Amino acid sequence: MNLITTIIAITLILSTLLAIVSFWLPQMNPDHEKLSPYECGFDPLGSARLPFSLRFFLVAILFLLFDLEIALLLPLPWGDQLDTPLTTFIWASVVLALLTLGLVYEWIQGGLEWAE
């Protein structure tokens, strides 16, 4: 019982301390960029009909694709407990090979070049 009380006390003290530090530590001197509601770099008072760069969307989609790779490979450590762990390894290798081929294709096509 004494151990549980000690753990709860340490948890409460640590969380209270971290909450106080998180409110006290940041510097509160906002500038024009911090007060702007937009974070994309476009002027909020300008025309709304300016075209977006397709490179921006391509990089965002590539990021989501390679981020999804992590979600697909996350259960991989539990795959070695199956009856045939070799099958899990083969499927993970297929996923990684496809993503690597996609990355090589984008690199060759120049899709990863931000500035021309």
Side-chain angles (χ1 to χ4, degrees):
M1 186 67 178
N2 194 13
L3 179 64
I4 294 175
T5 308
T6 306
I7 290 174
I8 291 174
I10 290 173
T11 305
L12 287 175
I13 291 170
L14 187 62
S15 60
T16 305
L17 180 71
L18 288 174
I20 290 171
V21 167
S22 70
F23 283 114
W24 174 68
L25 191 60
Q27 296 177 0
M28 298 294 182
N29 45 349
D31 55 357
H32 178 68
E33 286 82 15
K34 289 182 183 177
L35 293 176
S36 176
Y38 299 100
E39 297 178 0
C40 59
F42 294 103
D43 183 20
L45 302 177
S47 173
R49 301 289 181 203
L50 292 175
F52 284 105
S53 172
L54 288 177
R55 297 247 183 231
F56 176 77
F57 291 114
L58 180 65
V59 169
I61 289 172
L62 285 174
F63 173 77
L64 288 175
L65 251 168
F66 289 108
D67 198 33
L68 182 65
E69 168 196 353
I70 295 171
L72 289 174
L73 296 176
L74 208 61
L76 191 60
W78 290 280
D80 64 350
Q81 299 174 1
L82 296 174
D83 294 333
T84 56
L86 184 62
T87 307
T88 307
F89 176 73
I90 289 172
W91 281 111
S93 299
V94 166
V95 169
L96 286 174
L98 284 174
L99 286 171
T100 304
L101 286 174
L103 178 64
V104 168
Y105 176 75
E106 286 294 327
W107 196 334
I108 290 172
Q109 293 295 320
L112 301 177
E113 298 291 329
W114 187 254
E116 294 181 14

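All values reported here derive from a predicted model rather than from experimental measurement.
- Cluster partners of L14, by chain and number: L18. The rule joins Ile, Leu, Val, Met, Phe, Trp and Tyr whenever side-chain heavy atoms lie under 4.5 Å apart.
- Side-chain contacts under 4.5 Å among hydrophobic residues (ILVMFWY), followed directly or transitively, place L3 together with I7.
- Chaining together hydrophobic side chains whose heavy atoms lie under 4.5 Å apart places L12 alongside I4, I8.
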Determine all donor-acceptor pairs shorter than 3.5 Å in which one atom belongs to a side chain in residues 83-105; sequence neighbours excluded.
from	atom 1	to	atom 2	distance (Å)
T84	OG1	T87	OG1	3.2
S93	OG	F89	O	2.8
T100	OG1	L96	O	2.7

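- By the side-chain contact (heavy atoms from CB on, under 4.5 Å) test, T6 pairs with N2, I10, sequence neighbours left out.
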